Amino acid sequence: MTIRPNRLVADVLSDAPATLRVFLDFHMRCVGCPIASFHTLADAAREHGVDLDRFLAALHAAAVAPALGFPPPPMAGEQAAERG
């Protein structure tokens, strides 16, 4: 599945349910939002102040390997949270 910035949020969530975790990890409350049927991924990233390239990379990783549960890559200067 190719995830492009012009795809609708609702379509991505429907086609690749594993991407739901990505939206939540990026603190985006698009899941269940009535605007998700009208907003593209680019629109949602802009509205939430999310880096589009980083967001798309995380969505793609989740869509192609949902069982692995990839977290979003850390931003420059951030340290990865320890998991325990």
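It should be emphasised that the depicted structure is a prediction, and the values quoted were computed from it without experimental measurement. We use all heavy atoms of the structure for the numbers below, so side chains are in, but hydrogens, waters and symmetry mates are not.
To the nearest 0.5 Å, atom NE2 of residue His27 and atom NE2 of residue His48 are 12.0 Å apart. Annotation: the span from Asn6 atom CG to Asp11 atom CG amounts to 10.5 Å, rounded to 0.5 Å. Residue Phe55 holds its CZ atom at 8.0 Å from OG1 of Thr19, rounded to the nearest 0.5 Å. Once rounded to the nearest 0.5 Å, the distance linking CZ of Phe23 with CZ of Arg29 reads 12.5 Å.
What you find for Ala58 and Val22 is that their closest heavy atoms are O-CG2, 3.5 Å. Closest of all the heavy-atom pairs between Asp51 and Arg54 is OD2-N, 2.8 Å. Nearest heavy atom pair, residue Cys30 against residue Ala36, reads O-CB, 3.7 Å. Closest heavy-atom contact between Ala16 and Ala63: CB-CB, 4.0 Å.
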What's the verdict on side-chain contact (heavy atoms from CB on, under 4.5 Å) for Arg4 and Leu41, showing C-alpha distance, side-chain angles and the deciding distance? CA-CA 8 Å; Arg4 294 191 173 107; Leu41 296 172; over 6 Å; no
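A continuous path of hydrophobic side-chain contacts links Leu52 to Leu13 [ILVMFWY only; heavy atoms under 4.5 Å]. No single ILVMFWY cluster, assembled from side-chain heavy atoms under 4.5 Å apart, contains both Ile3 and Leu8.
Heavy atoms from other residues, nucleotides or ligands lying under 6.0 Å from NE2 of His60 number 12 at most.
For the 3.5 Å distance criterion, the side chains of Thr40 and Asp43 qualify, holding a donor opposite an acceptor.
In this structure, Phe38 and Val9 have side chains that are not in contact, with every pair of non-hydrogen atoms separated by 4.5 Å or more.
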